There are 2 protein chains.
Amino acid sequence: MDMARERRRLSAEDWAEAALQALGDGGLAAVAVEPLAARLGATKGSFYWHFANREALVTAALELWERRSTEATIASLTVEADPVQRLRMLFTRAAGRGEGNPAELAVRAAATNDTVAPVLRRVMQRRVGYLVGLFEEIGFGPAEAARRAMLAHTAYLGHGELETRLPGTLPLDRAGGLPAYVDSVLTLLLADAPRQAEEAPR
Amino acid sequence: MDMARERRRLSAEDWAEAALQALGDGGLAAVAVEPLAARLGATKGSFYWHFANREALVTAALELWERRSTEATIASLTVEADPVQRLRMLFTRAAGRGEGNPAELAVRAAATNDTVAPVLRRVMQRRVGYLVGLFEEIGFGPAEAARRAMLAHTAYLGHGELETRLPGTLPLDRAGGLPAYVDSVLTLLLADAPRQAEEAPR
DNA sequence: CCATGTCCATACGCTAGCGTACGGTTGGCG
DNA sequence: CGCCAACCGTACGCTAGCGTATGGACATGG
């Protein structure tokens, strides 16, 4: 009677992986040593061999998350040359996943935590920076690009929150569904797009 | 030597008020009986006279929050007749407060909690519903109004999150500041408005 | 084949916070 | 005044989770 639960020894990565999983499932509070140990079929003895304390585990999980978020964004980046199409891809991907991005939501929900805050800040600044570049590439001037990037980003944040936390709150059923919404948002974000180079704010 | 801490007896409202305060300050986890008792200069004996358990306290605090959020929105509503101006007011108020809305952020961060979820859902649905009505009043059809309301709402959510959690992440310094941003967002949200597409003030 | 370093289980102590039991105040009313 | 009910303090038990101590298992090279 060998269960699916294998009996091999655990590495620090195994713990970090499980921690990230738990973070997505139950929030930062769920990144707890003893529950995780039980989930992994091990005990605290194993954990405290690999990590100094709980905070180190949280840090490791966040590192994992940060790396993957960044990689994912970069992956989306390299495919398409046209910035407008890149923007469309980003929005489609962001809005597309059914249940949203639980890990990110958990990280954001724990934004007040001292371990979490700097990681989150880095990720967001990278994102906004990328978006600003995108809008500049499209042809907006620096100021207008920053404003549109910020609108795009905040809309992304709010959307993800609604999608994963309160599904069904979105009034999309009578609004043509998600694709129509993405189209609409993109249209608004690109309203009055200049051909290229600079533009003068109204 | 009479301290500022008065010695009068506490009501359930006092506890609920303190709980709401703690919620804003330290999140849902900070709504804890013993710390609050200490903060109020009382003990658990008092608390468990007024409330059955911690969850009842959380419920009371949320009730307080829900009522006030609703009242605040309604208050903003009754002043101005022009829907475009109402929208502008909403955005200006939302973006204006310096440190944001800590209580709301705490509630949203605790969205997975079973006590919190229904309250949050109600508030958000009311908000979105109001926004949809606003955009319809402006002249958009139901579907388009829903989409723009959703964009407005998600942008509001994301903005509040950034403002209170990660101040300084907003790339507004080189984008003309917050008023310019609000103008820009409003312009985009009202792009191609059917009827009286009048907007321009500075 | 056994010794050493790696990895883990068990057992323990400690803390914060929930909830209960119960006795003591306090204040208004008869 | 005196009494009853509302209100509160104190003490207690309980749980979950952190962190430590220590001995044992297990592989692997000498």
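Chain letters run A, B, ... following the sequence lines, proteins first, then strands; residues in each count from 1. Quick caveat, the model's predicted, so the values are computed rather than measured.
- Ranking D/dG17, D/dC7, C/dG17 by closeness to the A/Glu34 side chain, first place goes to D/dG17.
- The side chain of A/Arg9 lies closest to C/dT6, out of C/dT26, C/dT6, D/dG9.
- Salt bridge present: A/Glu144 and A/Arg147 bring a charged side-chain N and a carboxylate O closer than 4.0 Å.
- Surrounding CD of A/Glu63 are at most 12 heavy atoms belonging to other residues, nucleotides or ligands under 6.0 Å away.
- Of the candidate nucleotides C/dC7, C/dG17, D/dC18, D/dC18 has the atom lying nearest to any side-chain atom of A/Ala32.
- Across the protein-nucleic acid pair, B/Tyr48 atom OH and D/dT10 atom C1' stand 15 Å apart, rounded to whole Å.
- With contacts defined as side-chain heavy-atom distances shorter than 4.5 Å, the pair B/Arg126/B/Thr73 does not qualify.
- Residue B/Phe51 contributes atom CZ, which lies 18 Å from atom C1' of C/dT20 at whole-angstrom precision.
- In this structure, the CZ atom of B/Arg39 is 18 Å from the C1' atom of C/dG17, given to the nearest Å.
- Remark on DNA chain D: of its neighbouring residues B/Gly45 and A/Phe47, the 5'-side contact belongs to B/Gly45, judged by nearest-heavy-atom nucleotide.
- Remark: P of C/dT26 and CH2 of B/Trp49 are 17 Å apart, rounded to the nearest angstrom.
- A straight line from CG of A/Leu10 to P of D/dA25 spans 19 Å, rounded to a whole angstrom.
- At D/dC8, one or more side-chain N or O atoms of B/His50 fall inside 4.0 Å of OP1 or OP2 (strictly under the cut-off).
- Set against C/dT20, D/dG9, D/dC18, the side chain of B/Ser46 has D/dG9 as its closest nucleotide.
- Of the N and O atoms on the side chains of B/Tyr48 and B/Arg54, not one donor lies less than 3.5 Å from an acceptor on the other residue.
- Closest to the side chain of A/Thr43, from the set C/dT6, C/dT10, D/dG17, is C/dT10.
- Checked against C/dC18, D/dG17, D/dC7, the side chain of B/Val33 finds its nearest nucleotide in C/dC18.
- Side-chain nitrogen and oxygen atoms of B/Arg54 include at least one within less than 4.0 Å of the OP1 or OP2 phosphate oxygen of C/dC18.
- Heavy atoms from other residues, nucleotides or ligands lying under 6.0 Å from CZ of B/Arg93 number 12 at most.
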